[in-house]
Structures are given as structure tokens and as C-alpha cells.
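Side chains are part of it too, since the values below use all heavy atoms of this structure and drop only hydrogens, waters and symmetry mates.
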Amino acid sequence: MTDVHQRLRLLQLASSNLPVGGYSWSQGLEWAVEAGWVNSVAAFTDWQTQQMRQSFFHVDLPLLARLYHACQRDDFQAAQRWSAWLLACRETRELREEERNRGQAFTRLLYDWQPECPMEWKTLFNQSQLCGMAWLGVHWKIPLHELALTLGYSWIESAVMAGVKLVPFGQQAAQKLIMTLCEQYAAGIEQGLNCPDEQIGSATPLSAIASARHETQYSRLFRS
């Protein structure tokens, strides 16, 4: 695959039009707004920065790297172990359901794009979008660092668009926020990809509380 094709595939994976349901979930933000924890652009920036530094850099990125390397070796058992670890790091029923629902949606896309993918991997892809992205990145010969940039941008954009609806704030503020969060992401991506095993795990208790409370929130825009 040429560099041009790889870049176009990366843009497709980062697209908000990718039908995996990323915009259906708020990851606890909706309850945090309801509780008054997040009530301004500044508060949203602080909230999302903490999610990035204390969760995304210590869960999603290091596990993406491990799944990517497992797929490179065609090591199904290692991929199975890291997929289970990922689900264990999702602290609420809501977060685990999001992981699985997005995984199932991504699996339908992946099997349409790459029908030759071995069936044994399908169970893992159904558990997590991260595993499917790792396998696809290896199959399409996309470097891990580029795949991680795509994953991070998609996560940032989804979070900011949720903030637009919930906090709320306007589109101009949203674009500025995306730039700010992308700068922070670029500064920490290597740290996240090289996170050692003993440091894998989320340290965002308020987010976990917010997600658990969101499961029974009376009025919701986002899924639980």
C-alpha cells in the first residue's frame, strides 16, 4: 500500500462519519455537567485533559501498542489477554458496553473491508474497537504511531462535540479546544505508547463516578 493510500485510510478511520457510534456516548460527561462539575469551556478543558493524561495515556495508547504488536506476531493469545485487560480497565457497566458496542460496529466494517480476516479474531474485535483497529493497522501496513494519532484525534473530536451539546459552547470554541487538546496529545503520545505494564490503568475516579451515575440519570442525550 502506498503512503497516499495509507493516509487516506487513516483519514477514513478518523472520520466522524465512521459508523461505530462514537458520538452516542459521553463517557460520564453528561452527568458531570448535570452535577455542575463541568459548567464552562475552562472546566471542560480541565476535565478532558485529566481524561487524556490519567486514562487515555495509561490505558488506550499502551494497550493499542500491545495489541498492534500481538497482531504483527499473529499472537492470538496475547491479543486475547490484552483485550481482556482493556475491558477490565473500563470501570463501569456503561464504559464496558460502549467498548463492546463500538467493537461490534467496527467488526461489521472490518469484515466488509477485509473478508479474508480469520474468523477466530472476530470474537476479539467484537469486544473492542481497539483490537480491530490494531489488526487493520498491521494489515494495511500503517505504522503504530500514525494509527495512534488517528485514534487520539477521533477521541478528542468526539469528546469536544459532546461538550458542544452538553456544556454547551459554540463551534468556534470547539475548534480552538480541538487544537489545544491535540497539542497536549502530541506532547504525550510517546509516553502513552511506551507506558510499562505496571503503569497501565485509569486514575480518573470522578469520571468513573460520573459514568456510573449516568447509567441511571433521569434525562439523557447520550446512551447508557
Side-chain angles (χ1 to χ4, degrees), residues 1-27 56-57 59-90 94-162 178 181-182 185-186 189 192-193 222-223:
M1 186 181 294
T2 66
D3 288 346
V4 172
H5 282 104
Q6 288 172 337
R7 290 171 186 170
L8 289 171
R9 293 284 174 85
L10 283 170
L11 290 172
Q12 185 175 5
L13 290 174
S15 172
S16 60
N17 291 318
L18 197 70
V20 295
Y23 286 90
S24 300
W25 307 82
S26 76
Q27 299 183 342
F56 206 87
F57 286 167
V59 176
D60 299 72
L61 280 186
L63 290 177
L64 174 68
R66 284 157 176 78
L67 287 166
Y68 186 92
H69 295 316
C71 291
Q72 280 183 316
R73 301 189 304 269
D74 197 28
D75 188 341
F76 182 79
Q77 289 187 335
Q80 196 172 38
R81 181 172 68 254
W82 293 123
S83 294
W85 197 325
L86 174 64
L87 283 173
C89 288
R90 301 309 191 206
E94 177 179 87
L95 294 175
R96 289 188 292 275
E97 284 186 359
E98 177 184 5
E99 196 69 50
R100 292 190 179 103
N101 285 335
R102 294 182 68 172
Q104 290 163 12
F106 193 81
T107 300
R108 290 191 290 271
L109 284 175
L110 192 151
Y111 267 76
D112 186 49
W113 295 339
Q114 304 293 156
E116 76 281 8
C117 177
M119 284 295 296
E120 67 173 354
W121 287 85
K122 185 176 182 179
T123 55
L124 294 188
F125 300 161
N126 278 322
Q127 291 296 308
S128 165
Q129 180 185 350
L130 214 59
C131 188
M133 282 193 69
W135 186 91
L136 205 57
V138 170
H139 187 78
W140 285 348
K141 296 180 173 59
I142 296 172
L144 173 59
H145 189 273
E146 301 303 309
L147 193 66
L149 286 174
T150 299
L151 177 69
Y153 180 81
S154 178
W155 176 77
I156 288 168
E157 187 181 53
S158 293
V160 171
M161 291 303 105
I178 289 173
L181 291 170
C182 281
Y185 188 77
I189 187 172
L193 290 173
F222 291 85
R223 293 181 63 181

Taking side-chain contact (heavy atoms from CB on, under 4.5 Å) as the definition, give me every residue that meets it alongside [X], ordered by chain and number, with sequence neighbours left out.
| X | result |
| --- | --- |
| Leu8 | Val4, Leu11 |
| Asn101 | Trp25, Glu97, Gln104, Arg223 |
| Phe222 | Ser26, Glu30, Ala162, Lys165, Leu166, His214 |

Would you mind listing every side chain to side chain donor-acceptor pair (under 3.5 Å) that reaches into residues 60-71, with sequence neighbours excluded? Asp60-Arg90, Arg66-Asp197, His69-Gln72

Applying side-chain contact (heavy atoms from CB on, under 4.5 Å) to Leu124 and Leu67, what does each step give before you reach the verdict? CA-CA 11 Å; Leu124 294 188; Leu67 287 166; over 6 Å; no

Contacts of [X] that satisfy side-chain hydrogen bond (donor to acceptor under 3.5 Å, both in side chains) - sequence neighbours left out:
| X | value |
| --- | --- |
| Ser128 | Glu99 |
| Gln12 | none |
| Arg100 | Gln127 |

Testing the basics here: between [X] and [Y], what is the closest heavy-atom pair and its distance to 0.1 Å?
| X | Y | answer |
| --- | --- | --- |
| Pro19 | Ala105 | O-CB, 3.6 Å |
| Ile189 | His145 | CG2-NE2, 3.8 Å |
| Cys131 | Cys71 | O-SG, 4.5 Å |

Can you check whether [X] reaches [Y] side chain to side chain, under 4.5 Å on heavy atoms?
| X | Y | result |
| --- | --- | --- |
| Leu149 | Leu10 | no |
| Cys117 | Phe125 | yes |
| Lys122 | Tyr111 | yes |

Any side-chain donor near an acceptor of the partner, Trp135 and Gln114, under 3.5 Å: no

Spacing of [atom1] belonging to [X] relative to [atom2] belonging to [Y], to within rounding of 0.5 Å:
| X | Y | atom1 | atom2 | result |
| --- | --- | --- | --- | --- |
| Leu136 | Leu147 | CG | CG | 8.5 Å |
| Phe106 | Trp113 | CZ | CH2 | 5.5 Å |
| Leu18 | Thr150 | CG | OG1 | 11.0 Å |
| Arg96 | Leu86 | CZ | CG | 11.5 Å |
| Leu193 | Leu63 | CG | CG | 11.0 Å |
| Leu64 | Leu144 | CG | CG | 5.5 Å |

If the condition is salt bridge (charged side-chain N to carboxylate O under 4.0 Å, His left out), which residues does [X] pass it with, not counting sequence neighbours?
| X | answer |
| --- | --- |
| Arg102 | Glu98 |
| Asp75 | Arg73 |
| Glu146 | none |

Scan residues 105-120 for pairs that pass salt bridge (Lys or Arg N to Asp or Glu O under 4.0 Å), counting only residues two or more places apart or in two chains. none

Using the ring-ring contact (aromatic ring centres under 6.0 Å, His included) definition, which of the options Tyr185, Phe56, Phe57 pairs with Trp155? Phe56

Once ring pair (Phe, Tyr, Trp, His ring centres under 6.0 Å) is applied, what residue pairs with a partner in residues 70-90 remain, sequence neighbours excluded? Phe76-Trp121, Trp82-Trp85

